Participant: 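Can you read through this structure? Questions will come right after.
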Amino acid sequence: QVQLVESGGGSVQAGGSLRLSCAASTYTYYGSRHMGWFRQVPGKEREGVATIDADSSTNYADSVKGRFTISKDNAKNTLYLQMNSLKPEDTAMYSCAARLYGISAYPLSPNEYDYWGQGTQVTVSS
């Protein structure tokens, strides 16, 4: 069964930090070729933030490089996104996603993912 449940969102001032978590079912976690974090603001398209492959290689959007870190904990079947030096423009609904079938050449593209969590809101105030 595919299951993704995010937590850890909230409100923070600019310059602050948050850590998002995405708890996955065992089937999802070990069956995924890619897992990632995506974000969306109302009226805009969803965008890729950071992804991690089954071999633990990572990809980041240019806008978050050096500030965000994606990681996973195999013992807990959990995906994380550590967000530091947050900016107001990071405000969005953040969702985790999994791609189970096939390796993607575009891992940061939301269209490449099959399964999504419900999302967690991140709000950064100036």
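In this text, all values refer to a predicted model and were calculated from it rather than measured experimentally.
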Participant: If you measure from CD1 on Ile52 to CE on Met35, what distance do you get to the nearest 0.5 Å?
Facilitator: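 If I round to the nearest 0.5 Å, the distance is 9.5 Å.
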Participant: Does Asp73 form a side-chain hydrogen bond (donor to acceptor under 3.5 Å, both in side chains) with Thr78? I'd like the steps, not just the answer.
Facilitator: CA-CA 5 Å; Asp73 186 334; Thr78 300; over 6 Å; no
Participant: Quick check: closest heavy atoms across Phe38 and Ser109, and the distance to 0.1 Å?
Facilitator: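 Phe38 and Ser109 have their closest heavy atoms at CE2-C, 4.0 Å.
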Participant: Please report the interatomic distance OG(Ser126) to CD(Gln13), rounded to the nearest 0.5 Å.
Facilitator: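 Spacing of OG (Ser126) from CD (Gln13) equals 9.0 Å.
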Participant: Could you go step by step and tell me if Arg99 and Tyr113 meet the side chain to side chain contact (heavy atoms under 4.5 Å, CB included) rule?
Facilitator: CA-CA 5 Å; Arg99 176 184 172 93; Tyr113 290 76; 3.9 Å; yes
Participant: Does any pair with a residue in residues 4-26 pass salt bridge (charged side-chain N to carboxylate O under 4.0 Å, His left out), and if so which ones, sequence neighbours excluded?
Facilitator: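 Those involving residues 4-26 do not exist here.
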Participant: Is the shortest distance from a Lys or Arg side-chain nitrogen in Asp62 or Lys65 to a carboxylate oxygen in the other one below 4.0 Å?
Facilitator: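 Salt bridge between Asp62 and Lys65, a charged N being under 4.0 Å from a carboxylate O: yes.
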Participant: Would Tyr80 and Ile70 count as a side chain to side chain contact (heavy atoms under 4.5 Å, CB included) if you check the C-alpha gap in whole Å, the side-chain angles of each, and the deciding distance to 0.1 Å?
Facilitator: CA-CA 6 Å; Tyr80 298 103; Ile70 190 170; over 6 Å; no
Participant: When the aromatic ring centroids of Trp37 and Phe68 are compared, is their separation below 6.0 Å?
Facilitator: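 They do not qualify: ring centres at least 6.0 Å apart.
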Participant: Side-chain donor-acceptor pair under 3.5 Å between Tyr94 and Arg39, yes or no?
Facilitator: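 Yes, a side-chain donor-acceptor pair sits under 3.5 Å.
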Participant: For Tyr30, does the OH atom sit with more than 12 other heavy atoms under 6.0 Å from it, leaving out its own atoms?
Facilitator: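 More than 12 within 6.0 Å, yes.
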Participant: With side chain to side chain contact (heavy atoms under 4.5 Å, CB included) as the test, would you mind laying out the steps for Met93 and Val41 before giving the verdict?
Facilitator: CA-CA 6 Å; Met93 178 70 75; Val41 297; over 6 Å; no
Participant: Quick check on Glu45: does its CD atom have over 12 non-hydrogen neighbours (other residues, nucleotides or ligands) under 6.0 Å away?
Facilitator: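 Atom CD in Glu45 is not crowded, with 12 or fewer foreign heavy atoms closer than 6.0 Å.
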Participant: Looking at CG of Leu81 and NZ of Lys72, how far apart are the two atoms once the value is rounded to the nearest 0.5 Å?
Facilitator: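 Atom-to-atom, Leu81:CG and Lys72:NZ are 14.5 Å apart.
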Participant: Does the side chain of Asn74 pick up a donor-acceptor pair with the side chain of Tyr29 at under 3.5 Å?
Facilitator: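 A donor-acceptor contact under 3.5 Å links the two side chains.
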Participant: With side-chain hydrogen bond (donor to acceptor under 3.5 Å, both in side chains) as the test, would you mind laying out the steps for Ser104 and Glu112 before giving the verdict?
Facilitator: CA-CA 7 Å; Ser104 171; Glu112 299 292 291; 2.5 Å; yes
